[in-house]
Amino acid sequence: MRMPLVRPAVAATALALALALTLALAPPVSPAAAASAAPAAAENVAAENAGAERVARRAAAGHRALDFRACPAAEGLSAPVRCAALRVPLDYARPDGPQISLTVSRVTATREDGAARQGSLVFNPGGPGASGMYFPLLADRPAWRRVAAAYDLVGYAPRGVGRSAPLSCQNPAARAKAPTQVPADPSAAYKRERVTAARAYARGCARRGGAALPYYTTLNNARDLHVLRAALGERELTFMGASYGTYLGAVYATLYPGHVRRMVFDSAVDPDPQRVWYRDNLAQAAGFERRWYDFRAWAARHHATYRLGATPAAVRASHDRVRAAVARTPAGGVAGTGELRSAALQAAYYDDVWPELAAALSAFLDGDPAPLAALAGPDPDPVAAARAEAEAENTTAVYTAVLCNDAPWPADWETWDRDHTELARRAPLETWANAFLNLPCAYWPVAERLRQRPVDVGPRPAPLPPTLIVAAERDGATPYPGALELRRRLGGAAALVTEAGAGTHGVAGGRNDCVDRHVERYLLTGDTPGRSVTCAPHPEPAPVSLDDRAADTLRVPLPPVV
């Protein structure tokens, strides 16, 4: 499963899910079977955990002090944000062995209105593969002002991301260039092409990642977070994670329950170890199909504006006409069926892009391809486009490495083909794109003994302090059952705030005042609203007429075209 790149207006991007799909899946690996099958791996995990404790103690003693200075120009972060580098071991089993450097950003607590400083709030935006370096920029946003008065806002780029020991699996110039054409129903020949491409991509990760490739894992991300906490001078971690960041936070809480102060889990991944990551990815397709329906229903309610059809089925037919047309002649020469699918998937993530997509589809059917080309195509500035390609390649490489290293995946194409063929009959929007994105994990060139087993999330033996989960009921990227599973595993002190009837991915940070009040109250006081509370949905986006739409169409980062 894949989260899109971070959208700076909110606290999210993300990963995984859980609806019970009646598919013939590869049998899950039980914790007992995993331990007996890989005793060497278990011993290595114990050595890595011991190494992480040793490094964290050194950091707490000031041996890995963070020297915050003006941020390098490459980060694009100006004062008052300051940056530092955190040295951590590549392999925690060898804490004094090869080291890597993680970039960290911070803006100190404003103390506005006499607020008392409560320490550092560390943020992870998900992915895996997304950078949280931008997080301190939110300090002056209204939704974050009171939190920023009490906390230093701390962002960082996890290992492999950005300038943090960056991982690459292919030359960015070798990535598919717009326009791309992808079949709605892939043929056997197309599938063989994708298998060949997945094998080549996995080999590229091995070639370019080298001996470091096995060390990009969620467990190591959690250990890095443990060291970062100590280097910030915090005995306990106050943390906010979005999407995949919720899984990272849950793993941290499992490994280090005594070092948890407060944790917010926004748009929760299902952490059930039997679902991480193959089943989680299968389940995601159904969630996105629901959200694609929600977009079509919204467009149908605004037929007077967009003229795409007065029913969801009619809107689908309009979309299919656009798809058939760009398959013949890409919109503006840059938006083919691959780019159109990515734009549709973006609408399944975020409802604030609905007016732009509906307007672009409507304009295209009226003979104007420019809005669709602007929305779905690459940046027309070649320098910006090249930078975006490099960032997308890095993000995809880290995403792939973490997921493939984290858990067992079916190693035979027949299993993938059977499961996804069945799933695509009910959820065609994302099923095959996600399958081909994750397929390198079937051919992953890391020895089984070096791969981790999914962590059995849940605090043991120490109970956790109160934690807060926020989730949208119709989130496609991280479906709602994942939030229920996470709450069950975190224990009785975990509270769940549900945005009912909504589905935008990433709930906190300015979209819903009710949700934000609960998050702010929890971060400032530690108080939760009880086991469960419901907020009304945020308002649906208003339609933007074709006559009034902005001249420079909103550009949003799209998921990768596979």
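Along the sequence shown, residues carry numbers from 1.
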We want to know whether Tyr252 and Arg229 form a side-chain donor-acceptor pair, criterion being a heavy-atom distance below 3.5 angstrom. yes

Consider only side-chain N and O atoms of Thr238 and Arg261, and report whether a donor and an acceptor are under 3.5 Å apart.
yes

Regarding Asp96 and Arg54, does a basic nitrogen lie under 4.0 Å from an acidic carboxylate oxygen? yes

Given the options Leu468, Leu248, Leu486, Phe265 meets side chain to side chain contact (heavy atoms under 4.5 Å, CB included) only with Leu486

Residue set satisfying side-chain contact (heavy atoms from CB on, under 4.5 Å) with Asp272, at least two apart, ordered chain then number -> Asp270, Gln274, Arg275, Glu485, Arg489

**Message:** Looking only at side-chain N and O atoms, does Ser168 offer a donor or acceptor that is under 3.5 Å from a partner on Glu393?
**Reply:** yes

Regarding Tyr399 and Asn438, do their side chains bring together a donor and an acceptor under 3.5 Å, going by distance alone?
yes

Between Tyr247 and Trp277, does the ring centroid distance fall short of 6.0 Å? yes

### Query
Does Phe135 have its ring centroid less than 6.0 Å away from the ring centroid of Trp144?
yes

Taken in chain and number order and not counting sequence neighbours, the residues that satisfy side-chain contact (heavy atoms from CB on, under 4.5 Å) with Leu137 are Leu77, Val81, Tyr134

Taken in chain and number order and not counting sequence neighbours, the residues that satisfy side-chain hydrogen bond (donor to acceptor under 3.5 Å, both in side chains) with Ser105 are none

| query | Between Glu234 and Ser120, is any side-chain donor less than 3.5 angstrom from a side-chain acceptor? | reply | yes

Are His538 and Asp513 linked by a side-chain donor-acceptor pair shorter than 3.5 Å?
no

### Query
Would Thr217 and Asp406 count as having a side-chain donor-acceptor pair, cut-off 3.5 Å?
no

Might you work through the side-chain hydrogen bond (donor to acceptor under 3.5 Å, both in side chains) test for Thr498 and Tyr480, ending with a clear yes or no? CA-CA 9 Å; Thr498 301; Tyr480 188 67; 2.6 Å; yes

What verdict does the side-chain hydrogen bond (donor to acceptor under 3.5 Å, both in side chains) test give for Thr218 and Asn221, after you've listed the backbone C-alpha separation in whole Å, the side-chain angles of each residue and the deciding distance to 0.1 Å?
CA-CA 5 Å; Thr218 296; Asn221 285 340; 4.9 Å; no

